[in-house]
Amino acid sequence: MYSVKEIYYTLQGEGANAGRPAVFCRFSGCNLWTGREQDRATATCKFCDTHFFGTDGPGGGKFETAGELADKVAATWPSATAERARPLVVCTGGEPLLQLNEELIGEFHHRGFEVAVETNGTQVPPSGLDWICVSPKAGTELVVKSGNELKLVYPQANAAPEQFETLNFEWLFLQPMDGLERDRNTRLALNYCLEHPQWRLSLQTHKMLQIP
């Protein structure tokens, strides 16, 4: 059984794949926060800006089999696509690696999808993933130390960028923390990237464009 908050088609707004069309499959649940506002103050991750509690979002629900969920994702991708536009599914959350497994990855591949995951890096990923994006959170043990991109929400107390820059990732991104101090955080991230050019700035362009 897979519990999914929502499934929708949009543009990837962040990181190395920003601007690429994708189906987002947002799994319910996380190991760093319950998703309930009353629990935010005591959560390990207090700044999450996504709604992943429950299964009541667009396209969401409980799926009994990997094939059923993969069919739902495939039906969300446009039927008429160019030959060079390989379908992409972004598995996110919450924490998708609490549910995403090799069987589901295989079903996505069988339907022609490239499979990406956005994870907090505290869970061991299954084999077969095509793209791994890790977003470390302060106060957690990072077990995923290699992948395609590391996307650090910045600034975080006790999660300085230099802690992660020697890890084996193709891309290193700083993403300004959203919230009341977003403008200040954006300036801080911009200045850090200019001073440390191994890092690149990642902006949440989907919020600027007011798309999902």
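When reading the values below, keep in mind they use all heavy atoms of this one structure, side chains included, and skip hydrogens, waters and symmetry mates.
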Without swapping roles, check the side chain of [X] against the backbone of [Y] for a donor-acceptor pair under 3.5 Å.
{"X": "Glu149", "Y": "Cys133", "value": "no"}
{"X": "Thr140", "Y": "Leu142", "value": "no"}
{"X": "Gln123", "Y": "Gln99", "value": "no"}
{"X": "Thr55", "Y": "Ser3", "value": "no"}
{"X": "Gln163", "Y": "Ala160", "value": "yes"}
{"X": "Asp130", "Y": "Glu114", "value": "no"}

So, do [X] and [Y] sit near enough that their side-chain heavy atoms are less than 4.5 Å apart?
{"X": "Pro212", "Y": "Phe24", "answer": "no"}
{"X": "Val144", "Y": "Pro125", "answer": "yes"}
{"X": "Leu203", "Y": "Pro176", "answer": "yes"}

**Study point:** Test side-chain contact (heavy atoms from CB on, under 4.5 Å) applied to Met177 and Val153, Thr186, Leu188, Asp49, the passing residue
**Key:** Val153

Exercise for review: Carefully, step by step, assess Glu14 and Gln175 under the rule side-chain contact (heavy atoms from CB on, under 4.5 Å).
Suggested key: CA-CA 8 Å; Glu14 306 170 355; Gln175 185 162 291; 3.4 Å; yes

**Study point:** Derivation and outcome, salt bridge (Lys or Arg N to Asp or Glu O under 4.0 Å), residues Glu107 and Arg111
**Key:** CA-CA 7 Å; Glu107 292 290 345; Arg111 288 155 182 79; 2.7 Å; yes

Interatomic distance, [X] atom [atom1] to [Y] atom [atom2] [nearest 0.5 angstrom]:
{"X": "Leu11", "Y": "Leu209", "atom1": "CG", "atom2": "CG", "value": "7.5 Å"}
{"X": "Ser202", "Y": "Asn17", "atom1": "OG", "atom2": "CG", "value": "10.5 Å"}
{"X": "Arg182", "Y": "Arg187", "atom1": "CZ", "atom2": "CZ", "value": "12.0 Å"}
{"X": "Thr76", "Y": "Glu6", "atom1": "OG1", "atom2": "CD", "value": "11.5 Å"}
{"X": "Phe53", "Y": "Asp39", "atom1": "CZ", "atom2": "CG", "value": "9.0 Å"}
{"X": "Phe169", "Y": "Asn148", "atom1": "CZ", "atom2": "CG", "value": "8.5 Å"}

Quick check: are there more than 12 heavy atoms from other residues, nucleotides or ligands sitting under 6.0 Å from [atom1] of [X]?
{"X": "Gln38", "atom1": "CD", "answer": "yes"}
{"X": "Asn158", "atom1": "CG", "answer": "no"}
{"X": "Arg200", "atom1": "CZ", "answer": "no"}
{"X": "Leu194", "atom1": "CG", "answer": "yes"}

Kindly give the heavy-atom pair with the smallest separation between [X] and [Y], and that separation in Å.
{"X": "Cys91", "Y": "Phe27", "value": "CB-CE1, 3.9 Å"}
{"X": "Cys193", "Y": "Leu201", "value": "SG-N, 3.7 Å"}
{"X": "Gly121", "Y": "Val134", "value": "CA-CG1, 3.9 Å"}
{"X": "Tyr154", "Y": "Asn185", "value": "O-CB, 3.9 Å"}
{"X": "Pro161", "Y": "Leu152", "value": "CA-CD2, 3.8 Å"}
{"X": "Lys151", "Y": "Pro136", "value": "O-CD, 3.8 Å"}

**Study point:** Working for side-chain contact (heavy atoms from CB on, under 4.5 Å), residues Val4 and Lys72
**Key:** CA-CA 11 Å; Val4 177; Lys72 180 70 174 182; over 6 Å; no

**Study point:** Passing option when Asp56 is tested against Lys5, Lys62, Arg26 for salt bridge (charged side-chain N to carboxylate O under 4.0 Å, His left out)
**Key:**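 Result for salt bridge (charged side-chain N to carboxylate O under 4.0 Å, His left out) with Asp56: Lys5.
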
Practice item. Take Trp199 and Phe173 through the test ring pair (Phe, Tyr, Trp, His ring centres under 6.0 Å) and record every step on the way to the result. Key: CA-CA 5 Å; Trp199 290 87; Phe173 286 101; 8.8 Å; no

Between [X] and [Y], is there shared hydrophobic-cluster membership here, with clusters defined by ILVMFWY side-chain heavy atoms closer than 4.5 Å?
{"X": "Leu129", "Y": "Leu69", "result": "yes"}
{"X": "Leu100", "Y": "Ile132", "result": "yes"}
{"X": "Leu97", "Y": "Val73", "result": "yes"}
{"X": "Phe164", "Y": "Leu172", "result": "yes"}
{"X": "Leu167", "Y": "Tyr192", "result": "yes"}

Point to revise | Verdict with supporting geometry, Leu32 and Asn120, side-chain contact (heavy atoms from CB on, under 4.5 Å) | key: CA-CA 9 Å; Leu32 303 184; Asn120 59 36; 3.4 Å; yes

Review point. Distance under 6.0 Å and angle within 45° of the ring axis: does Arg40 meet both against Trp33?
Key: yes

Decide whether [X] and [Y] meet the rule of one side-chain donor and one side-chain acceptor closer than 3.5 Å.
{"X": "Glu95", "Y": "Asn31", "result": "no"}
{"X": "Gln12", "Y": "Glu118", "result": "yes"}
{"X": "Lys207", "Y": "Thr205", "result": "no"}

**Study point:** Intermediate values then yes/no, side-chain contact (heavy atoms from CB on, under 4.5 Å), Tyr2 and Leu104
**Key:** CA-CA 10 Å; Tyr2 301 91; Leu104 181 55; 3.9 Å; yes

